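Notes follow the structure.
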Amino acid sequence: MPDQMAGATVVAPAVTSSGPSVLGARRNLRRAMRRASPLWWLGPSLALIVAVVFYPAYELVRTSLETISPIGLTEGFAGLQNFRNLFAEPALPHVVYNTVLWVVLVVGVTILVSLPLAQFLNKRFAGRRLVRWALIVPWAASLVMTATLWRYIYEGSYGMLNAVLGDLGLIHKPIFWYENQATAFWCLIFVGIIVSIPFTTYVFLAGLQAIPPDLYEAAAVDGSTPWQTYKRVILPLLRPALMVAVVLNTIYVFNSFPIIWVITGKIPGDFTDTTITFMYKIAFTYRLDPGEAAALGVLNVAFLILVIGLYVRRVGPGEAGAAPVAEAARGRRSLFRERVTGAAVSLLERSGAALAPVWRAATAPARRPRQALGRGWWRARPWLLPAIGAVVAFFFLAPYLVMLLSALKSNIDLFHSPALYFPTHAEWGNFVSVWSQIPLASYLLNSLIIAGVSTLLVLAVSLPAAYYTARHRFFGRKAFLYLILVTQMFAPVALVVGIYREVLSVNGQDSYWAIILIEAGFALAFATWIMNAYLASIPVDVEEAARVDGAGPLRTMTRVVLPLAKPAIVTAVIFTFIQVWNEFVVAETIFNDPTDNRETLTVGINAFVGLYQTQYNYLFVASLIGIVPVVVLFALIERHLVSGLTAGSIK
């Protein structure tokens, strides 16, 4: 018995001493898993960004310091020799001048036109939705297809622009607009402005709709004119949206590639090149020098980083709602009253109420014309605003009407000089014969596979990241949101040399998986951004109720939150699909093998744009087949664009 008791006393401490150690290990394991939980949600996004954005950036810098043969073999360390070769290029000063002129004029004119256009579209009038739909057509359409259309309009002998100007008596002989060095670059600038206006207008619309309506009422009570209200109240409140529009347009216009490449890229010389197209020519066309092209790419990226740094410092990732805008509006309303009416109020206070009738009598003559003008405006408003809207809609739709009519022309009508406005006989057979004239089925299938799979990948990767960052506060959350914001600013063309070198290193040339990963990586940021902003606006109470019922984080997200976030998810899916469907430069560079039917729709259309003659009727049929579904999808999400495209940026 004593032996048994002794044995019991020996065994018991061993059991009780091991218990706390096991429990402590379990607690440590749970604590470690909680700390690592952000990686489970954000890890796929981070991996995709590193593989598609950061590694090509590293590859770009490395290539700029190496000597690369025309066939892509590394021949050794070059130091700064590639940069010396670049600065010794005779064409470089002119290319830099073109770049500055291109960015300043396109961005500046776009801002000046978009501000009043957004103010106009913010008013209520019959047909406003149709005008907005017309505005998004140049935005939704692929830049390759739009540039091909404008190339036809600018043609010399049979171009539509010469026909219109000739009928108006403004010219008496054809002008070769895009082939003439005196006019070519200005033609490109005009197209750049046209395709930049829709996005910028929607950014300003978002800013205008965030301004509380009572601010307009307060300005009217204070007796301000519409111009005073706009100048002293509305325009200062649009400064965040103005900042977004200027910076993003600067980045997008600087990175613009298809407009210049499609219209003038096949013409010998560099008289219309910017640093982006010049870099591409050095790397992939007449020079085949990846090292020097990478050196120019490094300088391009350095400029983008500078602009992005200014943007992030000024804006940063948004947190929630339009409360800051409303708060600023309240402050602006007080400031407006102080500035506009302060002098008159103080005068009346000093002079006494006896001077009020005298003041009203003295200012009556000045008020009468303004009151009469106001009455006339309100009488004309019901028909004048729709008439202006019809003009705006026609302006943006007219080029695509030219595309439709030209798609129905025969070869004789198409190359008639001067151009015919309408086909003599509608050749509906063009929509049938195009399938045998060009491998359109192959183009569409490739684009559909790449866009569809890329969209699914983006949704699978971005949705968990957007949900977790919207619902949790953790170490590194702000850094991740800044990373998303920064990567959204990078276009593939800025890193195209690094992307090409990376794809070659993994034997991914002309493979579906390589282009899908790259397209998904560059589309990831916008999808994460828009869904994060929407998910953050969903009340937390619905999730807490699900947790009380025993639902875990994954089940709460899939069963409770996602059904409420359908508008944001649909917007992100459609926008991602359209972005990948319309993408050109990556597909042109790494997925371009006609012998194996490895071409997307944008690459295939550009391949049939010839230096001397182009079968525009068939290209326009193919373009319409590619544009119409995209425009329809874009129209479906139009009402979400105002809040979605600027979510987190103008707040």
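One-based numbering along the sequence shown. Note that the structure is predicted; figures quoted are calculated from it, not measured.
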Scan side-chain atoms only and decide if Glu155 and Tyr178 contain a donor-acceptor pair under the 3.5 Å cut-off. yes
Between Trp102 and Phe254, is the ring centroid distance below 6.0 Å? no
Minimum-distance pair of heavy atoms, taken over all atoms of Met279 and Gly297: SD-CA, 3.5 Å
Side-chain donor-acceptor pair under 3.5 Å between Arg151 and Tyr616, yes or no? yes
Gap between atom CG of Leu149 and atom CD1 of Ile263 - 0.5 Å precision: 9.0 Å
Specify the closest pair of heavy atoms between Ala520 and Leu457, including all atoms of both residues, with the distance to one decimal. CB-CD2, 3.6 Å
Heavy-atom donor-acceptor pair, Ser454 side chain to Ala451 backbone, under 3.5 Å: no
Side chain to side chain contact (heavy atoms under 4.5 Å, CB included) for Thr571 and Met531? Distances and angles first, verdict last. CA-CA 9 Å; Thr571 302; Met531 288 192 292; over 6 Å; no
Please examine the side chains of Leu237 and Leu208, heavy atoms only from C-beta on, and report whether any two atoms are closer than 4.5 Å. no
Side chains of Gln119 and Leu115: does their closest heavy-atom pair fall under 4.5 Å? no
Heavy-atom side-chain contact between Trp581 and Pro629 under 4.5 Å: no
Checking the side chain of Ser45 only, and the main-chain atoms of Val461 only, is there a donor and an acceptor separated by less than 3.5 Å? yes
Could you label the plane-to-plane angle of the Phe257 and Trp261 rings as parallel, tilted or perpendicular, counting under 30° as parallel and over 60° as perpendicular? parallel
Plane angle bin for Phe190 and Trp150 - parallel if under 30°, tilted between 30 and 60°, otherwise perpendicular: perpendicular
Looking only at atom types and distance, does a side-chain atom of Asn98 sit under 3.5 Å from a main-chain N or O of Asp273, one as donor and one as acceptor? yes
Side chains of Thr602 and Glu588, heavy atoms from C-beta outward: is any pair under 4.5 Å? no
Name the orientation class of the two ring planes belonging to Tyr152 and Phe620 (parallel below 30°, tilted from 30 to 60°, perpendicular beyond 60°). perpendicular
Measure the spacing between CG of Leu135 and CG of Leu121 and express it to the nearest 0.5 Å. 6.5 Å
Please check if the side chain of Asn249 supplies one atom and the backbone of Ala245 the other of a donor-acceptor pair under 3.5 Å. yes
Value rounded to 0.5 Å, distance of OG1 in Thr528 from CG in Leu481: 9.5 Å
Do Thr99 and Thr274 pair up side chain to side chain, a donor and an acceptor below 3.5 Å, judged on atom types alone? no
Thr201 side chain vs Ala118 backbone, donor-acceptor pair below 3.5 Å: no
Does Trp139 reach the side chain of Val631, with side-chain heavy atoms less than 4.5 Å apart? no
State, with a plain yes or no, whether a side-chain heavy atom of Tyr202 is found less than 4.5 Å away from one of Ile136. yes
When every non-hydrogen atom of Val131 is compared with those of Gly389, the smallest separation belongs to CG2-O, 3.5 Å
Show me the donor-acceptor pairs within less than 3.5 Å that the side chains of residues 299-308 make with the rest of the protein, sequence neighbours left out.
from: Asn300; atom 1: OD1; to: Thr275; atom 2: OG1; distance (Å): 3.0
from: Asn300; atom 1: ND2; to: Leu296; atom 2: O; distance (Å): 3.4

Write down the atom of Gly192, the atom of Ser196, and the distance for their closest heavy-atom approach. O-OG, 2.7 Å
Rounded to the nearest 0.5 Å, what separates atom CD1 in Ile605 from atom CE in Met145? 4.0 Å
Checking the side chain of Glu583 only, and the main-chain atoms of Val585 only, is there a donor and an acceptor separated by less than 3.5 Å? yes
Step by step, would you call Ile194 with Phe395 a side chain to side chain contact (heavy atoms under 4.5 Å, CB included)? CA-CA 10 Å; Ile194 295 298; Phe395 176 80; 3.4 Å; yes
Begin from the C-alpha positions of Leu161 and Trp177 and carry the test side chain to side chain contact (heavy atoms under 4.5 Å, CB included) through to its verdict. CA-CA 9 Å; Leu161 179 59; Trp177 296 97; 3.6 Å; yes
Quick one: pull up CG in Leu165 and CD1 in Ile171 and give me the separation to the nearest 0.5 Å. 5.0 Å
ring-ring contact (aromatic ring centres under 6.0 Å, His included) partner of Phe199, the single match among Phe575, Tyr252, Phe204: Tyr252
State, yes or no, whether a side-chain contact exists between Leu188 and Thr264 at a heavy-atom distance under 4.5 Å. yes
To the nearest 0.5 Å, tell me how far Thr600 OG1 sits from Ile450 CD1. 6.0 Å
Cut-off 3.5 Å, side chains only: do Tyr154 and Asn162 have a donor facing an acceptor? no
Quick one: does any side-chain atom of Ser114 pair with a main-chain N or O of Ile111 as donor and acceptor, under 3.5 Å? no
Pairwise side chain to side chain donor-acceptor pair (under 3.5 Å) hits with a residue in residues 384-406, at least two apart: Thr146-Tyr400
Do the side chains of Phe120 and Leu385 get nearer than 4.5 Å, heavy atoms only? yes
Do you know the tightest heavy-atom contact between Ala241 and Gly207? CB-CA, 4.2 Å
CA sep, side-chain torsions, deciding dist, call: Tyr534, Ile569, side chain to side chain contact (heavy atoms under 4.5 Å, CB included): CA-CA 9 Å; Tyr534 194 93; Ile569 295 174; over 6 Å; no
Test item: side-chain donor near acceptor, Thr148 and Asn606, under 3.5 Å: no
Would you find more than 12 non-hydrogen atoms of other residues, nucleotides or ligands less than 6.0 Å from Tyr97 atom OH? no
Ignoring hydrogens and geometry beyond distance, is a side-chain donor-acceptor pair present between Asn532 and Thr469 at under 3.5 Å? yes
Using every non-hydrogen atom in the two residues, find where Gly159 and Ala419 come nearest and quote the distance to one decimal. O-CB, 3.6 Å
